[in-house]
Number of protein chains: 2
Amino acid sequence: MNEQLQPLKKPARTAKAGRSGTQDDIVYAHIFEAILEQRLAPGTKLSEEALGEIFGVSRTIIRRALSRLAHESVVLLRPNRGAVVASPTVEEARQVFFSRRMVERAITELAAQHATDEQLNELRQMVRDERDSFSRGDRGAGIRLSGEFHLKLAEAAGNAPLVSFQRSLVSQTSLIIAQYESGNRSHCSYDEHMQLIDAIEARDAEQAVSLMMHHMDHIDSKLNLDEDSASDDLHAVFSHLLKKPKAAAKG
Amino acid sequence: MNEQLQPLKKPARTAKAGRSGTQDDIVYAHIFEAILEQRLAPGTKLSEEALGEIFGVSRTIIRRALSRLAHESVVLLRPNRGAVVASPTVEEARQVFFSRRMVERAITELAAQHATDEQLNELRQMVRDERDSFSRGDRGAGIRLSGEFHLKLAEAAGNAPLVSFQRSLVSQTSLIIAQYESGNRSHCSYDEHMQLIDAIEARDAEQAVSLMMHHMDHIDSKLNLDEDSASDDLHAVFSHLLKKPKAAAKG
DNA sequence: TTTGCATTCTTTGTACACAAAAGCATAATC
DNA sequence: GATTATGCTTTTGTGTACAAAGAATGCAAA
């Protein structure tokens with residue numbers, strides 16, 4: 001129990017998730033990222049004390065982060081029984097996908113109208129990163145970047161409530177995929193992402209929406225009722241952030 | 001500063017807003033209701049200590065409630081500077097209404113498919129309450145019931161993510177109306193609400209959606225760039241909850 | 001009179017301590 | 001041997017104290 005990260009560095013990309021750079025935003029972003037990358041399995045218990053120790057902050061901060069995640073339905077907060085990573089049921093998964101289709105359609109249309117060249121370049125870069133992640137075997141990062149692509153697209157649409165909603169839906173989708181995805185065919189996504197950007201750049205809203213709906217179909221079709229496992233151990237999940245005590249642990 | 005409410009009773013109807021009946025849900029619901037009823041004006045400072053004193057709870061509880069409200073964009077949480085009731089800009093208002101049209105369309109279609117007779121009866125009762133509120137001059141309750149009607153409709157649609165999003169949108173809409181509504185023609189809404197239920201009960205999705213879109217148009221058309229005022233004083237806003245010290249105030 | 005700076009004061013940010021609730025294990029009884 | 005009750009432990013819920021960051025005010029100088 002003597003391992004903890006000391007400077008509390010921000011995670012790779014997701015740091016912009018919060019309002020300012022306060023501690024709880026960092027914790028939030030780390031846990032969010034861990035879920036996006038499926039290093040935290042649905043149902044995993046998220047002990048306040050354990051997380052506080054890992055991140056080197058008090059339970060107050062952890063609690064705030066968990067509360068925020070719970071509001072996005074990524075974490076389930078059971079009264080007097082603590083927090084766990086949410087385990088969406090099949091019905092809940094269906095509802096999330098319904099909402100996502102609706103939102104993605106709107107986002108795609110708006111993005112085709114409003115996306116700036118700079119935003120399109122950023123999107124292309126994200127897809128390249130996503131492709132690279134998969135090609136070097138880093139499935140976790142690939143899935144995260146795939147989710148962030150959809151989030152970035154929402155930002156390009158220029159509608160704040162949609163961005164907020166999309167954030168919640170993308171996280172939940174990642175959770176659902178973690179729980180129900182059959183094969184690892186998720187690496188197909190970057191091709192479709194690139195085509196989508198092409199259509200948006202061409203300002204062809206109709207084509208873009210059509211591509212997006214097919215993309216949704218593909219994600220949908222990858223799901224069945226299997227359950228796979230990610231790590232259950234908080235220290236293992238965040239081990240890359242921990243300073244390992246070398247020989248003699250702390251005086 | 002010796003006034004405070006002691007048993008911390010739940011507000012009229014909105015109590016179901018939270019997960020369980022804990023204190024912070026009650027505080028959340030009270031503030032939420034005050035905003036829905038436009039007793040809290042946009043820009044009003046929400047001091048943690050003052051609210052804690054009013055509700056008779058510690059700042060911890062208040063902070064949680066404010067955090068939740070902030071996540072719904074109803075309250076703005078400025079780092080190190082405290083919380084204020086959000087003041088949506090014209091552009092933000094435009095974005096909220098765009099999202100609402102999208103969500104209301106989906107909700108209406110789903111409700112036309114899935115709404116049970118019991119839900120329809122509840123909706124009708126809400127519209128009657130809304131009408132009664134306006135007819136007896138209680139504009140605040142009418143506006144709140146109007147918002148809750150749209151929330152209830154979302155529940156009848158049977159899609160949890162949509163309900164959550166709708167809650168946020170309805171609150172923000174109320175805020176926008178508080179800031180930008182020109183006349184008090186909001187009392188027209190219950191007629192349209194009733195027609196909507198009729199169409200849904202007839203399972204005429206097309207007609208229901210058409211009515212809903214017109215309803216949105218009407219709400220839209222009532223807005224201009226005027227600003228009206230609601231109360232600024234926290235104690236006044238929550239005065240109906242406060243025990244008034246009669247003669248000699250507390251030793 | 002106005003503007004700039006410094007000091008004070010209010011208000012939030014964080015940690016911690018205590019209390020209460022749920023879960024678990026053990027033991028006793030049927 | 002199985003089942004239930006009880007107390008024990010672990011974990012969360014809440015209040016409070018202390019620290020830090022802004023905001024306001026007053027004073028001085030231009």
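Residue numbering restarts at 1 for every chain, and letters A, B, ... go by the order of the sequence lines.
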Next item on the list: Give a yes/no on whether any side-chain N or O of A:R64 is located under 4.0 angstrom from OP1 or OP2 of C:dT14.
Entry: yes
Check: Can you list the residues that meet the side chain to side chain contact (heavy atoms under 4.5 Å, CB included) rule with B:S174, with sequence neighbours excluded?
Finding: B:L36, B:Q38, B:I143
Next item on the list: May I ask you to say whether A:D25 pairs ionically with A:R64, meaning some side-chain N is under 4.0 Å from a carboxylate O?
Entry: no
Checklist line | Whole-Å gap separating C1' (D:dG13) and CD1 (B:I26) | finding: 14 Å
Next item on the list: Can you check each nucleotide of nucleotides 18-25 of chain C against protein heavy atoms at under 4.0 Å and return B for base, S for sugar-phosphate only, - for none, in 5' to 3' order?
Entry: ---SSS--
Note to self: What is the distance, to the nearest angstrom, from the CG atom on B:L66 to the P atom on C:dG13?
What the structure shows: 10 Å
Check: Can you name the residues that form a salt bridge (Lys or Arg N to Asp or Glu O under 4.0 Å) with A:E91, not counting sequence neighbours?
Finding: A:R94
Item checked: ring pair (Phe, Tyr, Trp, His ring centres under 6.0 Å) partners for A:F149, two or more places apart -> A:H193
Checklist line | Out of C:dA15, D:dT12, C:dT12, whichever nucleotide has its closest atom nearest the side chain of A:T60 | finding: C:dA15
Notebook entry, point to check: Taking CD1 from A:I61 and C1' from C:dC16, how many angstroms apart are they, rounded to a whole number?
Noted result: 12 Å
Check: Is a donor on one side and an acceptor on the other found under 3.5 Å between the side chain of B:Y180 and the backbone of B:P88?
Finding: yes
Note to self: The side chain of B:S58 is closest to which nucleotide in this list: D:dG15, C:dT12, C:dA15?
What the structure shows: D:dG15
Check: Taking CD from B:E48 and P from C:dT10, how many angstroms apart are they, rounded to a whole number?
Finding: 17 Å
Next item on the list: Grab the CD1-P distance between A:I62 and D:dT12 for me, whole Å please.
Entry: 11 Å
Note to self: Under the rule for salt bridge (Lys or Arg N to Asp or Glu O under 4.0 Å), what residues qualify as partners of B:R78, not counting sequence neighbours?
What the structure shows: none
Notebook entry, point to check: Once you round it to whole Å, what is the distance between C1' of D:dT16 and CZ of B:R63?
Noted result: 13 Å
Next item on the list: Nearest whole angstrom, please: distance from the C1' of D:dG22 to the CZ of B:R78.
Entry: 10 Å
Next item on the list: Not counting sequence neighbours, which residues clear salt bridge (Lys or Arg N to Asp or Glu O under 4.0 Å) with A:E48? List them please.
Entry: A:R59, A:R63
Notebook entry, point to check: How many Å lie between CD on A:E53 and C1' on D:dT11, as a whole number?
Noted result: 14 Å
